Amino acid sequence: MSHDTPRTAIVTGAGSGIGRAVAVELAAAGWTVALAGRRAGALDETASLAPGAFAVTCDVTRPGDVAALFSAVRRRCRRLDLLFNNAGVSGPGVPLEELTHEQWRAVVDVNLTGAFLCAQAAFRRMKEQDPQGGRIINNGSLSAHAPRPHGVAYTASKHAVTGLTKSLSLDGRPYRIACGQIDIGNAATDLTTRMRAGVLQPNGTTAVEPVMDVAQAARTVRHMAELPLEANVQFATVMATTMPYIGRG
């Protein structure tokens with residue numbers, strides 16, 4: 001699709017962090033961005049930084065909220081070109097045997113079920129619109145490849161997101177629906193403040209970890225998003241160069 005054609009994106013978890021950075025990056029490039037998240041005030045803050053963006057409060061774990069989000073976008077925008085499936089939670093950093101059923105479900109419901117519900121709604125829209133097609137980018141994690149200590153729910157959910165990405169890629173082929181995944185390591189957001197204070201390492205020590213500007217992750221998402229549908233970044237890893245990932249553990 002020509003970059004002269006208006007493009008529309010939905011960004012979930014857009015109220016802060018990576019979601020906010022991606023929304024701002026896309027808006028600066030001329031995209032119309034629907035900002036989805038649970039906190040109306042935070043979405044409004046993002047909207048103030050992203051010209052032309054609009055906010056829709058949505059809990060991605062609730063099918064009714066997801067349906068309402070996509071209906072709102074359909075009313076305002078001619079088509080849907082991109083879903084950035086970003087909403088996610090990390091869960092408590094506790095030993096596996098101490099993790100409660102409720103804590104497990106809270107992580108899986110957002111990171112996996114929420115991603116599925118949004119992807120399903122985007123798939124339906126992209127399949128039926130004319131011209132057919134679009135792109136879904138899932139926010140995975142380095143934990144989709146290598147776990148951190150005391151992160152079983154997060155790690156399991158992000159491994160499952162990789163499976164979701166692969167299935168969407170396969171099932172989207174006949175309809176020009178491309179799906180890729182970005183795995184981000186230590187982007188500087190409120191959620192990674194603890195990295196700069198010291199986090200538990202696989203050898204039992206605590207160490208400060210480097211972080212990178214979250215804008216680098218946002219630029220990577222924009223690059224993936226703006227490829228023609230004939231090309232796809234299937235998996236991209238962008239991370240702080242010297243963080244302990246290669247050789248972790």
Side-chain angles (χ1 to χ4, degrees), residues 1-37 46-47 49-56 60 69-70 73-74 76-88 114-115 118-127 129 131-141 144 161-162 164-166 168-169 171-173 175-184 187 189 212-239:
M1 180 176 296
S2 168
H3 287 193
D4 294 330
T5 303
R7 294 161 294 175
T8 300
I10 294 174
V11 176
T12 66
S16 62
I18 293 167
R20 174 174 288 179
V22 169
V24 170
E25 179 73 18
L26 292 175
W31 290 69
T32 298
V33 185
L35 310 168
T46 301
L49 303 171
F54 61 97
V56 183
V60 298
L69 165 65
F70 280 80
V73 173
R74 184 169 191 148
R76 293 188 61 150
C77 304
R78 184 180 66 84
R79 60 180 288 110
L80 176 62
D81 300 288
L82 172 68
L83 165 67
F84 180 44
N85 236 342
N86 169 71
C118 290
Q120 184 183 53
F123 197 97
R124 288 170 175 153
R125 178 74 180 108
M126 292 170 179
K127 183 178 176 180
Q129 65 192 4
Q132 194 175 59
R135 190 180 306 274
I136 297 168
I137 301 175
N138 292 326
N139 189 351
S141 170
V161 167
T162 298
L164 177 66
T165 298
K166 292 178 179 179
L168 291 169
S169 294
D171 292 346
R173 283 179 190 171
Y175 312 109
R176 300 186 74 244
I177 300 173
C179 183
Q181 180 169 312
I182 183 167
D183 298 319
I184 301 168
T189 67
M212 66 173 183
D213 188 339
V214 69
Q216 303 305 327
R219 291 184 187 118
T220 304
V221 172
R222 178 185 165 192
H223 168 69
M224 296 168 70
E226 293 188 340
L227 288 171
L229 289 177
E230 291 72 27
N232 187 43
V233 175
Q234 188 65 66
F235 292 98
T237 301
V238 57
M239 53 179 269

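All values derive from a computational prediction rather than experimental measurement.
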- Side-chain (T189) to main-chain (I18) donor-acceptor, under 3.5 angstrom: no
- Task: Sequence neighbours left out, what passes side chain to side chain donor-acceptor pair (under 3.5 Å) with R124? Give chain and number order.
- Result: none
- Query: Taking only residues two or more places apart in sequence, or in another chain, which ones meet V56 in a side chain to side chain contact (heavy atoms under 4.5 Å, CB included)?
  - Reply: F54, L69, A72
- How would you list, by chain and number, every residue that makes a side chain to side chain contact (heavy atoms under 4.5 Å, CB included) with A122, sequence neighbours excluded? F70, L80, L83, M126, I136
- Partner residues of T165 under the side chain to side chain donor-acceptor pair (under 3.5 Å) criterion, sequence neighbours left out: N138, Q181
- Would you mind telling me which of V221, N86, V22 makes a side chain to side chain contact (heavy atoms under 4.5 Å, CB included) with I137? V221
- Note on the structure: Residue set satisfying side chain to side chain contact (heavy atoms under 4.5 Å, CB included) with A29, at least two apart, ordered chain then number -> W31, R222, E226
- Could you grab the distance from atom SG of C179 to atom CG of D171, nearest 0.5 Å is fine? 10.5 Å
- Message: Could you work out, with side chain to side chain contact (heavy atoms under 4.5 Å, CB included) as the rule, every residue matching K166, not counting sequence neighbours?
- Response: T162, F235
- Does N139 use its side chain to pair, donor to acceptor, with the backbone of A87 at less than 3.5 Å? no
- Query: Which pair of heavy atoms, one from A14 and one from T46, lies closest together, and at what distance?
  - Reply: O-OG1, 2.7 Å
- Backbone N or O of M224 within a donor-acceptor pair of the R135 side chain at under 3.5 Å? yes
- Task: Output all residues satisfying salt bridge (charged side-chain N to carboxylate O under 4.0 Å, His left out) with R173, sequence neighbours left out; order by chain, then residue number.
- Result: none
- Determine yes or no for a side-chain-to-main-chain donor-acceptor pair under 3.5 angstrom, with R7 supplying the side chain and D81 the backbone. no
- Message: Using every non-hydrogen atom in the two residues, find where A53 and A47 come nearest and quote the distance to one decimal.
- Response: O-CB, 4.4 Å
- Output the distance between atom CD (Q129) and atom CZ (R176), rounded to the nearest 0.5 Å. 10.5 Å
- Message: Please enumerate all residues that pass salt bridge (charged side-chain N to carboxylate O under 4.0 Å, His left out) together with R20, with sequence neighbours excluded.
- Response: E45
- Note on the structure: Applying side chain to side chain donor-acceptor pair (under 3.5 Å) to Q216 and not counting sequence neighbours gives R219
- Taking all non-hydrogen atoms of both residues, which atom of G133 and which atom of L229 are closest, and how far apart? C-CD1, 4.1 Å
- Message: I'd like to know whether L168 forms a side chain to side chain contact (heavy atoms under 4.5 Å, CB included) with I177, so could you lay out the CA-CA distance, the side-chain angles of the two residues, the decisive distance to 0.1 Å, and finally the verdict.
- Response: CA-CA 8 Å; L168 291 169; I177 300 173; over 6 Å; no
- Given L82, which of T8, L26, I10 fulfils the side chain to side chain contact (heavy atoms under 4.5 Å, CB included) condition? L26
- State, to 0.1 Å, how close G114 and N85 come at their nearest heavy-atom pair, and which atoms those are. O-OD1, 4.4 Å
- Message: Please find the pair of heavy atoms, one from A34 and one from V73, that lie closest to each other, and give the distance.
- Response: CB-CG2, 3.6 Å
- Item | Sequence-distant partners of S169, side chain to side chain donor-acceptor pair (under 3.5 Å), two or more places apart | Q234
- Using the side chain to side chain contact (heavy atoms under 4.5 Å, CB included) rule, take I182 and T220 through it: C-alpha gap first, then chi angles, then the decisive distance, then the call. CA-CA 8 Å; I182 183 167; T220 304; 3.7 Å; yes
- Nearest heavy-atom contact between V60 and C118 is CG1-SG, 3.8 Å
